[in-house]
Amino acid sequence: MKKTAKVTSSARPARIIARPARTEGGTWLVKQEPAAYSWNDFVQEGGTVWTGVRNFQARKNLADMAVGDEVFFYHSVVGKCIVGLARVRKAAYPDPTANEGNWICVDLEPVREFARPVSLEDIKAQTSLQDFPLVRQSRLSVMPVSPSQFREILKLAEE
DNA sequence: GCCAACGTTGGC
DNA sequence: GCCAACGTTGGC
């Protein structure tokens, strides 16, 4: 699923899928081909509406995001690395680019670019990250990141 | 360029 | 409901 250009949504506040209360902030990873929409595009726009997700598993993950959750930004195909950290600015609402179906989007904003991007190779080389969805389910475009995975990747980004 | 993994579609 | 065919994604 390819994210298209930034869309100014006629935002409706209602979420489609209920989300259980959570005590600590969630952490996630979103994937994007830089040729279609890069980290630099994201930074230049000061954030974006994360539209275009058309996969049920990815949709569930979008629905589970809460405002303030931290999100790794991964460049797929070209780069194949996590290039920076983003944050959920607005929780899930109907995707304005979807003509049919209950597809949703979230608003994301940049937090910081990693001095040292974390490549897929780096991740695969870590025995502690063998269960990371990026390794196990390469096609999933929006995935959860566990607290230990999150810490591990941040550590790699700061080496 | 190839192929594995995964998702969707449609015939039966 | 099963499964073959086909399309897409994304790593290699």
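All values below were derived from every heavy atom in this structure, side-chain atoms included, with hydrogens, water molecules and symmetry-related copies excluded. Chain naming here is simple, since letters A, B, ... match the order of the sequence lines and numbering starts at 1 in each.
- Remark: P of C:dT9 and CZ of A:Arg54 are 12 Å apart, rounded to the nearest angstrom.
- Using the six-membered ring where Trp is involved, A:Phe150 and A:Phe72 have ring planes that are parallel, under 30° apart on the 30 and 60° scheme.
- Atom CE of A:Met143 and atom P of B:dA5 are 16 Å apart (whole Å).
- Checked for salt-bridge contact, A:Glu45 and A:Arg89 miss the test: no charged N lies under 4.0 Å from a carboxylate O.
- In this structure, of B:dT8, B:dG7, C:dG10, it is C:dG10 that holds the atom nearest to the side chain of A:Ser141.
- Without hydrogens or angle criteria, A:Gln149 side chain to A:Ser146 main chain gives a donor-acceptor distance under 3.5 Å.
- Per the geometry, CZ belonging to A:Arg59 stands 14 Å off P belonging to B:dG7, to the nearest Å.
- A straight line from CD of A:Gln57 to C1' of B:dC6 spans 10 Å, rounded to a whole angstrom.
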Next item on the list: Start with the C-alpha gap between A:Val83 and A:Phe114, add the side-chain angles, then the distance that decides, and say whether side-chain contact (heavy atoms from CB on, under 4.5 Å) holds.
Entry: CA-CA 6 Å; A:Val83 290; A:Phe114 291 154; over 6 Å; no
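- The distance from atom CG of A:Leu140 to atom P of B:dC6 is 10 Å, rounded to the nearest whole Å.
- When distances run from any side-chain atom of A:Leu120 to the nucleotides B:dG7, B:dA5, C:dG11, the shortest one goes to C:dG11.
- For the pair A:Gln137 CD and B:dA4 C1', the computed distance is 13 Å after rounding to whole Å.
- Remark: A:Tyr74 is not in phosphate contact with C:dT9, judged by side-chain N or O atoms under 4.0 Å from OP1 or OP2.
- One atom, CD of A:Gln32, and another, C1' of C:dT9, lie 12 Å apart when rounded to the nearest Å.
- Rounded to a whole Å, the CZ atom of A:Arg139 is 7 Å from the P atom of B:dG7.
- Taking the side chain of A:Lys124 as heavy atoms from C-beta on, and the options C:dT9, B:dT8, C:dG11, the nearest nucleotide is C:dG11.
- Distances shown here put every side-chain N or O of A:Lys80 at or beyond 4.0 Å from the OP1 or OP2 atom of C:dG10.
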